[in-house]
Protein chains: 2
Amino acid sequence: MSCHASKDSLHAVGMKVTKAREVLLRVLEASDHPLTVDEIYDRLAQPRPGRPTIYRNLERFIQEGWAESFVDKNQIQRFLRCGTTEHHHHIHCEKCQRTTELDGCAMTKALSQLERQCGYKVTRHQLQIYGLCPECQKALALK
Amino acid sequence: MSCHASKDSLHAVGMKVTKAREVLLRVLEASDHPLTVDEIYDRLAQPRPGRPTIYRNLERFIQEGWAESFVDKNQIQRFLRCGTTEHHHHIHCEKCQRTTELDGCAMTKALSQLERQCGYKVTRHQLQIYGLCPECQKALALK
DNA sequence: TTTGTTGCAAAGGGTTTGCAGGAGA
DNA sequence: TCTCCTGCAAACCCTTTGCAACAAA
């Protein structure tokens, strides 16, 4: 999402176009892996928005489907920009931390089978996938 | 896991059999849904272990594969007893909160297909499934 | 001008730590 | 006896809140 596009998106949902929102979207955009609030804060040039502003806006972004958050293994919340507001998942490289957005959802079939097996009606699900990205696999193979 | 079995399990991994551990396992066992530390605390008869002891032991239980934790939508950590140390998932009822342990993993196929598509080598994954349990579906249908 | 946003400081609240006393093996 | 565990209190630290000043529309 370019700078211009971010303005349009903000307008489209009735959010005012502010400096804080533009730089926040840009920082999320520029990272290839999910960031903590501290990491976001450190990447913002001064004068930068305060932490409360960062939290408040990230929450808005998530509501709009522009970003997602999850809690990492150190119990810290991490935020990442989504390229689509459709339902999808991500895969995280455990070595270089890179995160790749996956097209669509690979679980549709498995879940409808599950419904028949356990009797529940599935309404939603969350999936975190971890692995090794192609580059890190190559790097390991060369050793 | 009966009281006796819990003693055996504790012994087997070199953990001392203490009152705190026995009652903690019993409380987790008795609940049909994941509990917060506060909920666990409230269910313990006095004299009860302090919160630090609860946290410390839950962590040990998770290390041993006897329990799992996840962060709920209010950002609070919840703990649940696992009936197996094998890889598996749970489904949570969004209405009555009941949690059911699922046998095995429904995603094996989907993940190996995913590997071919995105080039990552999948090493592990987490899956939270939410839905309506059979009873809650019936209750809703009657309205 | 009207409404939504930000900044600051402070509070909130779940979780962890340090250490001395106590219970298990 | 020796080691591990628990209790207590305090510290930690991420996150939220309140409110006045400010910027966008």
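Source: prediction; values computed, not measured. So that the names make sense, note that chain A is the first sequence line, chain B the second, and so on, each numbered from 1. Only this structure's heavy atoms are used, side chains among them; waters, hydrogens and symmetry mates stay out.
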May I ask you to check whether over 12 heavy atoms, not counting those of B/D42, lie within 6.0 Å of atom CG?
-> yes
Give a yes or no on whether A/E86 atom CD has more than 12 heavy-atom contacts from other residues, nucleotides or ligands under 6.0 Å away.
-> no
Please tell me which of the listed nucleotides, C/dT17, D/dT16, C/dG14, lies nearest to the side chain of A/P52?
-> D/dT16
A/R56 CZ to D/dT16 P, in whole Å, measures 10 Å
Respond yes when some side-chain nitrogen or oxygen of A/R60 is under 4.0 Å from OP1 or OP2 of C/dT5, and no when none is.
-> yes
Send over the distance from A/Y55 OH to D/dC14 P, rounded to a whole Å.
-> 7 Å
Quick check: does any side chain N or O of B/Q137 sit under 3.5 Å from a backbone N or O of A/G119, one acting as donor and the other as acceptor?
-> yes
Indicate, yes or no, whether a donor-acceptor pair under 3.5 Å links the base of C/dG24 to the side chain of B/R21.
-> no
Ring-face cation contact, B/Y41 with B/R51, 6.0 Å cut, 45° max = yes
Take the protein atom NZ of A/K19 and the nucleotide atom P of C/dG7, then report the distance between them rounded to whole Å.
-> 12 Å
Mind checking A/Q77 for me? I need base, sugar-phosphate or nothing, with any heavy atom below 4.0 Å counting as a touch.
-> sugar-phosphate
Does B/E135 CD have over 12 foreign heavy atoms under 6.0 Å away?
-> yes
Crowded around A/K19 NZ? As in, over 12 foreign heavy atoms under 6.0 Å?
-> no
For the pair made of NZ in B/K16 and C1' in D/dT1, what is the distance, rounded to whole Å?
-> 11 Å
Out of C/dA25, D/dT6, C/dT6, whichever nucleotide has its closest atom nearest the side chain of B/V17 | C/dA25
Measure from CG on B/L25 to P on D/dC5 and round the result to the nearest Å.
-> 14 Å
May I ask you to list the residues of residues 31-50 of chain B, by number, that have any heavy atom positioned under 4.0 Å from an atom of DNA chain D?
-> B/R48, B/P49, B/G50
Ignoring the backbone of B/T18, work out which of D/dT6, C/dG24, C/dT6 is nearest its side chain.
-> D/dT6
Specify the separation, in whole Å, of atom CE of A/M15 and atom P of C/dT5.
-> 6 Å
Kindly say if A/T53 contacts the phosphate of C/dG7, meaning a side-chain N or O under 4.0 Å from OP1 or OP2.
-> yes
Distance in angstrom units between A/L58 CG and C/dT5 P, rounded | 14 Å
Value in whole Å for how far the P atom of D/dC12 lies from CD1 of A/I76 | 16 Å
Any A/N74 side-chain nitrogen or oxygen under 4.0 Å from OP1 or OP2 of D/dC14 | no
Return the nearest nucleotide to the side chain of A/R51; candidates are C/dT5, C/dT17, D/dT15.
-> D/dT15
Within a reach of under 6.0 Å around CD of A/E59, are more than 12 heavy atoms found that belong to other residues, nucleotides or ligands?
-> no
Take B/G14 and A/Q75, find for each the nucleotide of DNA chain D with the closest heavy atom, and name the residue whose nucleotide sits nearer the 5' end.
-> B/G14
Answer yes if the ring centres of A/H125 and A/H87 are under 6.0 angstrom apart, and no otherwise.
-> yes
Does a nitrogen or oxygen in the side chain of B/H11 sit under 4.0 Å from OP1 or OP2 of C/dG24?
-> no
